[in-house]
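Below: one structure, written as structure tokens.
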Protein chains: 2
Amino acid sequence: MENKTERFEKLLVKNGLKRTAPRLQVLEILSGRDSATSQPYLEQVMGKDADRVTLYRVLQAFEEKGIIHKVLDQQGTANYAICSDGCSAHEHHDEHVHFNCDNCHKIYCLDSVKIPALKVPVGFKVEHLNLIATGLCANCSDKVN
Amino acid sequence: MENKTERFEKLLVKNGLKRTAPRLQVLEILSGRDSATSQPYLEQVMGKDADRVTLYRVLQAFEEKGIIHKVLDQQGTANYAICSDGCSAHEHHDEHVHFNCDNCHKIYCLDSVKIPALKVPVGFKVEHLNLIATGLCANCSDKVN
DNA sequence: ATGTTAATGCAATTATGTTGCAAATATAGG
DNA sequence: CCTATATTTGCAACATAATTGCATTAACAT
């Protein structure tokens, strides 16, 4: 199996980004989590390893290249998750449902759930759909019962 | 036809809120628009008529009472719209689709469009759905063509 | 090895949101 | 109409989040 860091390095090069420590660290953190990661959490984990400004810029660059996508939770806080294959700078294929757990506050990308087509009033042209469900995730609804 | 201001005053009293100038002004502004109104826009329009802090508190009170509902746009900015009848402090019936126009940036409440039921993975319990569509609104798609 | 370009870190600035408190105001009751 | 009371407002201070410019550093092509 291919080394994880190697994969990340290729990913960066493929997108014309240099292989730098903060970028690799962000990819490392994001890939190790099963749900989207909030900007404040990233900031905390990176600590003094990288400047806050650098983090902003890394995330912005990744988003532009289609390496990660941003999901806003109900409070408007930005959360980031690595895009599944098939995303690019030109087109994000992240029109899956996001699930924001009321209990643990994690945000899951439900890649398998597609957003159904929508009937909108005449004249409106839908480009993208963004659906966030809230409730209890599988983990938390287990614990509660 | 009943006077608009009278209606607003009744609305406030019904919700146990005093009839104050900033509150009436917010209702006036929101009701005069065909789309949701951003917090920064409200702040700008109210100008020196009300303090920034007061605006925050008015909006918060209105939201708690179910008089208005908040929609976050793609940038995470809060937008507010008057709730249709049937909303209350206990239950918001605002699970309609919101439409964020890429051109004019207005946010429309598409009250007529209901969010279709969703199949989620086993274990997940959906409480609320929040769907924002982006694209061109009727107005803008007219102009473009 | 080295030159060029991209990326980082720092400082300063701006924007955004929150809290405590004193002054002002709405309204209920006399 | 006047007054008592609780709510609401406005101000000041503070806290947090995001952005910009610039000098320094680091990546990497040659």
Is the ring centre of B:Tyr80 less than 6.0 Å from the ring centre of B:Phe62?
no
Looking only at side-chain N and O atoms, does A:Arg23 come under 4.0 Å of OP1 or OP2 in C:dA7?
yes
With a 4.5 Å limit on heavy-atom distance, are the side chains of A:Val97 and A:Ile115 in contact?
yes
Ignoring hydrogens and angles, state whether a donor on the side chain of B:Asn79 or B:Gln39 is under 3.5 Å from an acceptor on the partner side chain.
no
Per nearest nucleotide of DNA chain D, the residue lying toward the 5' end, B:Val58 or A:Tyr56, is B:Val58
For A:Asp49 and for B:Gln60, find the nucleotide of DNA chain C with the closest heavy atom, then tell me which residue's nucleotide is more 5'.
A:Asp49
Side-chain donor/acceptor contact of B:Arg52 with base of C:dG17 under 3.5 Å:
yes
Assign B:Pro22 to base, sugar-phosphate, or nothing according to its heavy-atom contacts below 4.0 angstrom with the strands shown.
sugar-phosphate
Side-chain donor/acceptor of B:Lys18 to base of C:dT25, under 3.5 Å
no
Once you apply a heavy-atom cut-off of 4.0 Å, does A:Ala21 come out as touching a base, just sugar-phosphate, or nothing?
nothing
Euclidean distance, atom CG of residue A:Leu12 to atom P of C:dA6 [Å, nearest integer]:
16 Å
May I have the distance from A:Asp51 (atom CG) to D:dA23 (atom P), rounded to whole angstrom?
17 Å
Side chains of B:His98 and B:Val71: closer than 4.5 Å at any heavy-atom pair?
yes
Centre of B:Tyr41's six-membered ring, under 6.0 Å away, within 45 degrees of the axis: is that where NZ or CZ of B:Arg33 sits?
yes
In whole Å, what is the span from the CG atom of A:Leu55 to the C1' atom of C:dC10?
16 Å
Can you check whether B:Arg57 has a side-chain N or O nearer than 4.0 Å to OP1 or OP2 of D:dT8?
no
Nearest whole angstrom, please: distance from the P of D:dA17 to the CD of A:Gln39.
8 Å
Below 4.0 Å: OP1/OP2 of D:dT8 and any side-chain N or O of B:Thr54:
no
Short side-chain N/O contact to D:dA26 OP1/OP2 from A:Thr20, under 4.0 Å:
no
